[in-house]
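Below is one structure; the comments refer to it alone.
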Amino acid sequence: MAEISTFANTVYELVKQIPRGKVSTYKNIALALNKPGASQAVGQALRKNPFAPEVPCHRVIASDFSLGGFFGSKTNLDKKIQLLKEENIQFDLNEIKKCPKYRKSILFFLT
DNA sequence: GTCGTGACTAGCC
DNA sequence: CGGCTAGCCACGA
């Protein structure tokens, strides 16, 4: 097993707690860790993602509801994400941007 | 112990 | 409105 840093470990747990059909933002997670500025550090933890299938990194997006950088850019999760988006998440940024209220509905607020 | 990176955020031009 | 810079935190080398 891989030894994970305490910080990353917390991030993974939070992300894993995200229910199906909902998403969270890096900042939100960082805030949950009481580190409002560690948003990037959170992303780093997910980038390593030792719990790949367990931690739905695709459910974590930027605070602006942007895809941050995984979809069809750096990683080839492309199809994986697409599947998840259709099966688990209504990750239609188009819809989200159109309906600000809707995005809040799918936004899973961590504490 | 120091430097550089990274899937970020907010502010500034 | 759009692009760029600076700042933030954590981790790897």
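So you know, we letter chains A, B, ... as the sequences are listed, proteins then strands, and number each from 1.
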For [X] and [N], what is the distance between atoms [atom1] and [atom2] respectively, to the nearest whole Å?
| X | N | atom1 | atom2 | result |
| --- | --- | --- | --- | --- |
| A/Leu33 | B/dC8 | CG | C1' | 14 Å |
| A/Arg47 | C/dA10 | CZ | P | 17 Å |
| A/Asn28 | C/dC9 | CG | C1' | 17 Å |
| A/Gln40 | C/dA10 | CD | P | 12 Å |
| A/Leu67 | B/dT9 | CG | P | 12 Å |
| A/Leu31 | B/dA10 | CG | P | 10 Å |
| A/Tyr26 | B/dT9 | OH | P | 8 Å |
| A/Ile4 | C/dG12 | CD1 | C1' | 14 Å |

>> Go through it in stages, so that I can follow the logic: the residues are A/Val11 and A/Val60, the test is side chain to side chain contact (heavy atoms under 4.5 Å, CB included), and I'd like the CA-CA distance, side-chain angles, deciding distance and then a yes or no.
In response: CA-CA 11 Å; A/Val11 175; A/Val60 186; over 6 Å; no
>> Return the pairing partner of C/dC8 with a 3.5 Å limit on both distances, Watson-Crick or G-U wobble; otherwise return none.
In response: none
> Can you name the nearest heavy-atom pair linking A/Ala30 to A/Ser39, along with the distance?
Replying inline: CB-N, 3.5 Å
> Which atom names give the shortest non-hydrogen contact between A/Leu46 and A/Asn49, and what distance separates them?
Replying inline: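 Reported closest heavy-atom pair: O-CB, 2.7 Å.
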>> Using a 4.0 Å heavy-atom cut-off, does A/Ala41 contact any base of the nucleic acid, only the sugar-phosphate backbone, or nothing at all?
In response: base
Which nucleotide wins on minimum distance to the side chain of [X], given the candidates [options]?
| X | options | value |
| --- | --- | --- |
| A/Lys48 | B/dC8, C/dC9, C/dC11 | C/dC11 |
| A/Ser63 | B/dA10, B/dG6, B/dA7 | B/dA10 |
| A/Phe7 | B/dT9, C/dC11, B/dC8 | C/dC11 |
| A/Ala62 | B/dT9, B/dG6, B/dA7 | B/dT9 |
| A/Lys27 | B/dG6, B/dA10, B/dA7 | B/dA10 |

N/O-N/O pairs, protein side and nucleotides 2-5 of chain B side, under 3.5 Å:
from	atom 1	to	atom 2	distance (Å)
B/dT5	O2	A/Gln44	NE2	3.4

> For A/Val15 and A/Phe51, what are the C-alpha separation, side-chain angles and deciding distance, and is it a side chain to side chain contact (heavy atoms under 4.5 Å, CB included)?
Replying inline: CA-CA 10 Å; A/Val15 175; A/Phe51 297 91; over 6 Å; no
>> Working note: A/Phe108 + A/Arg59, criterion side chain to side chain contact (heavy atoms under 4.5 Å, CB included); need CA distance, chi angles, decisive distance, verdict.
In response: CA-CA 10 Å; A/Phe108 177 66; A/Arg59 275 184 204 163; over 6 Å; no
>> OP1 or OP2 of B/dT9 versus the side-chain N and O atoms of A/Ser39: is any pair under 4.0 Å?
In response: no
>> Can you see if the side chain of A/Ser5 gets near the phosphate of C/dA10 - specifically, an N or O under 4.0 Å from OP1 or OP2?
In response: no
> Donor-acceptor pair, A/Thr25 side chain versus A/Asn28 backbone, under 3.5 Å?
Replying inline: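 Yes, A/Thr25 side chain to A/Asn28 backbone: donor-acceptor pair under 3.5 Å.
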> Just wondering, do A/Gln40 and A/Gln44 contact through their side chains at under 4.5 Å, heavy atoms?
Replying inline: no
